[in-house]
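Side chains are part of it too, since the values below use all heavy atoms of this structure and drop only hydrogens, waters and symmetry mates. Letters A, B, ... mirror the listed sequences (proteins, then strands); counts begin at 1.
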Amino acid sequence: MATVATCGGDAVGVGSAVATASKSNVTSFQRRGPRVSGTNDSGPRLVSITGTRPSVRNGQLLVSTGLPALDQLLGGGLAVGTVLLIEEDKYNIYSSLLFKYFLAEGIVNGHTLLVASANEDPANILQELPAPLLDNCKKEFDEDVYNHKTPESNIKMKIAWRYQLLPKMEQIRPVSSSRFGHYYDASKRIPQELIEASKWHGFFLPEKISPTLKVEPCSLTHGYIKLLQFIQNIIYEEGFDGSNPQKKQKNILRIGIQNLGSPLWGDDICCTENGDSGHNLTKFLYVLRGLLRTSLSACIITMPTHLIQNKAFIAHVTNLSDTVVGLESFIGSERETNPLYKDYHGLIHIRQIPRLNNLVCDESDVKDLGFKLKRKLFTIEH
Amino acid sequence: MFPELNNLLNTTPDRAEQGKLTLLCDAKTDGSFLVHHFLSFYLKANCKVCFVALIQSFSHYNIVGQKLGVNLTMARERGQLVFLEGLKSAVDVFFQAQEKPHPLQFLREASAGNLKPLFEFVRDALKPVDSGAAGWTYPVLLVDDLSVLLSLGLGAVAVLDFIHYCRATLCWELKGNVVVLVHDSGDVEDEENDILLNGLSHQSHLILRAEGLATGFCRDVHGQLRILWRRPSQSTSQRDQSLTYQYKIQDRSVSFFAKGMSPAVL
């Protein structure tokens with residue numbers, strides 16, 4: 001910022017260009033340090049998987065969550081090998097939207113998907129994904145924003161003209177030049193050919209378990225065991241953990257688990273005060289994280305934490321996940337009519353960001369964040 | 001290890017105390033930087049370290065360790081470091097039935113288990129080798145972190161028993177040290193965690209408590225560290241010494257300063 005203040009208007013463009021150039025130098029020379037201990041990525045050979053990029057801070061491989069605004073808040077994206085836990089809002093509107101953005105991002109980037117749900121058939125979930133705004137549409141969108149902005153920015157400041165160079169307000173604007181995150185049109189459905197071109201696996205709980213099956217008493221609920229075995233099978237068979245050296249093209253597996261912990265999974269944590277006496281969900285999360293750490297995959301889980309009465313349990317679940325984001329929508333609450341919140345649809349709380357391979361993490365400076373959903377954009381502002 | 005923290009604790013790797021239990025606890029913030037500090041501290045002090053890492057993978061500690069000046073991969077190859085990677089072993093123990101008891105055997109059991117296999121693993125890892133050619137000074141057990149064991153279904157009593165056995169073997173018999181990390185749930189009522197935390201606080205010689213600031217999040221001061229020296233065995237009326245500092249975590253080190261004396265404020 002000091003350089004902007006002292007140099008003239010031209011230097012702003014130069015300064016930012018220099019900054020991005022030096023940033024890219026850092027990332028290309030930084031040791032890639034993959035956290036996947038199974039795959040043999042060490043050495044100067046760069047892993048170039050579509051839809052990923054290394055983190056600026058620690059060289060960690062990141063994937064986009066589907067929302068560029070959320071990516072920026074999480075320090076660039078979701079790290080491969082970690083779990084993103086979304087605490088659902090009360091009516092499960094926006095969390096399922098985030099879930100779908102994540103999966104749609106996977107389809108656009110050509111990643112393999114694994115969708116697990118207990119109440120909805122994964123094929124139906126995939127039909128409802130939002131349509132991506134690809135390059136030709138994106139230009140129109142950018143123009144719209146630009147046209148909207150120019151009337152305000154044309155007001156020149158006569159005396160305090162130095163301040164004109166500073167950004168108007170601190171808004172989480174996504175970096176538009178990267179091909180990392182995409183924008184989605186929430187009102188349109190994803191084109192059918194994109195779904196058919198993608199590779200996905202579905203886990204629909206009522207299909208996978210049969211009530212009459214006799215099973216040995218084990219430490220986890222039957223549904224969780226089945227899901228873990230399913231995930232492990234996919235990871236092993238498709239070589240996401242590096243066990244299959246013939247696979248030349250490496251890819252990311254995006255796992256999405258919907259409504260984990262709800263009674264449909266056979267878990268009683270949401271029903272009773274002192275449920276989960278067998279600690280099913282925590283053990284499931286622990287083993288899942290172990291699977292993720294040793295493979296090229298990223299996972300999103302939505303959990304109805306507002307139904308869980310045992311608050312200590314939520315603390316346990318938070319400690320066992322890597323990134324935790326909570327959503328609170330204003331629908332039906334008193335905040336809907338509060339003039340402070342009138343532009344927004346809800347609040348988003350970033351509860352935890354992992355410190356991976358590092359002592360510090362990229363916490364953003366602002367903590368009060370609200371989100372609003374427009375047709376083509378999901379913005380997060382404070 | 002962070003040199004400033006060494007100064008505050010009045011220790012150096014050459015002349016650290018032995019036979020001590022150190023309790024690291026964090027409330028409303030992340031205290032894992034303390035774990036990295038002690039790991040690199042004891043590796044530099046030439047001790048034989050057994051690290052039970054339940055929450056992160058090996059490469060995470062390795063990369064941070066390299067920033068702090070220790071190479072975990074080489075230490076593991078030399079035999080100085082015995083690393084139990086919880087996440088990877090959990091996958092192994094869960095999907096395949098093991099012949100001999102695995103340290104994380106409790107993951108397979110439906111009812112609350114005990115930590116006897118884990119203790120046996122630690123004991124075998126740290127018992128002095130007869131040849132004595134390696135020449136490590138004293139054994140150290142480091143656990144990150146114990147609250148995960150509670151989340152996975154073990155009772156507080158089982159974890160306290162495990163720590164008791166470790167202390168008896170390591171601190172008293174082998175004159176080594178034990179360092180454990182426990183999360184403090186704060187105002188959330190977690191009975192088991194409180195039992196564990198209180199029980200360990202009474203047994204430990206040194207308590208380092210990292211707390212978030214009471215006023216909320218701040219970019220320049222990440223939290224407050226409270227250091228408490230205790231003498232659990234002596235029931236004299238000697239007062240325990242306690243110090244409080246605020247800290248800011250940087251890329252390679254942590255800087256400490258007295259309350260209100262942050263460089264950002266002055």
Side-chain angles (χ1 to χ4, degrees), chain A residues 31 33-38 42 57-60 81 216-220 225 228-229 232 236 241 276-295 310-317 319-320 322 352-361 363-367, chain B residues 2 30 32-33 36-37 54-64 66-68 85-95 104 106-113 145 147-148 150-154 183 185-194 216-217 219 222 248-254:
Chain A
R31 185 175 33 85
R35 301 177 66 248
V36 186
S37 46
S42 56
R57 186 177 278 284
N58 53 11
Q60 185 71 44
E216 54 168 74
C218 188
S219 51
L220 282 195
I225 300 178
L228 280 174
Q229 284 170 345
Q232 200 225 7
Y236 181 66
D241 56 352
D276 198 38
S277 53
H279 293 267
N280 296 314
L281 187 53
T282 46
K283 282 189 193 172
F284 171 80
L285 274 178
Y286 193 71
V287 180
L288 175 69
R289 230 162 129 242
L291 277 176
L292 290 180
R293 284 286 195 273
T294 53
S295 63
N310 190 358
K311 298 288 174 218
F313 183 75
I314 300 180
H316 283 158
V317 164
N319 284 336
L320 282 174
D322 297 299
Q352 178 171 282
I353 298 183
R355 291 163 193 254
L356 299 170
N357 298 348
N358 216 335
L359 286 172
V360 295
C361 61
E363 279 185 274
S364 77
D365 295 336
V366 291
K367 292 289 177 183
Chain B
F2 310 126
D30 190 9
S32 55
F33 67 98
H36 295 298
H37 163 83
L54 298 171
I55 203 81
Q56 296 283 8
S57 60
F58 176 74
S59 50
H60 165 80
Y61 294 104
N62 196 13
I63 294 177
V64 183
Q66 279 171 355
K67 291 189 182 177
L68 300 182
E85 192 169 344
L87 291 172
K88 203 157 69 150
S89 326
V91 174
D92 293 334
V93 80
F94 188 76
F95 288 109
L104 298 183
F106 60 89
L107 278 177
R108 286 187 73 89
E109 290 160 18
S111 58
D145 55 52
S147 306
V148 169
L150 289 181
S151 328
L152 291 175
L154 292 164
H183 292 298
S185 44
D187 44 359
V188 175
E189 285 162 16
D190 191 354
E191 261 189 53
E192 297 271 306
N193 206 9
D194 290 338
F217 171 73
R219 201 177 8 167
H222 288 147
K248 177 176 173 165
I249 306 180
Q250 285 142 356
D251 193 39
R252 280 176 186 262
S253 68
V254 178

If you apply the rule side chain to side chain contact (heavy atoms under 4.5 Å, CB included), what do you find for B/Gln56 with A/Arg289, and how did you get there?
CA-CA 9 Å; B/Gln56 296 283 8; A/Arg289 230 162 129 242; 4.0 Å; yes
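Between A/Phe313 atom CZ and B/Asp190 atom CG the span is 11.0 Å, to the nearest 0.5 Å. Interatomic distance, A/Arg293 CZ to B/Phe58 CZ, rounded to the nearest 0.5 Å: 15.0 Å. Here the CG-OG distance, from A/Leu281 to B/Ser151, works out to 11.0 Å after rounding to the nearest 0.5 Å. With rounding to the nearest 0.5 angstrom, the CG atom of B/Leu87 is 9.5 Å from the CG atom of A/Leu292.
Side chains of A/Asn319 and B/Val148 form no contact here, defined as non-hydrogen atoms less than 4.5 Å apart.
Summarising the geometry of B/Leu152 relative to A/Thr282, their closest heavy-atom pair is CD2-O, 3.7 Å, with the distance given to 0.1 Å.
Under the side-chain hydrogen bond (donor to acceptor under 3.5 Å, both in side chains) criterion, B/Asn193 pairs with no residue at all, not counting sequence neighbours.
Side chain of A/Tyr286 to main chain of B/Val91: no donor-acceptor pair is present (N/O by atom type, distance under 3.5 Å, no hydrogens or angles).
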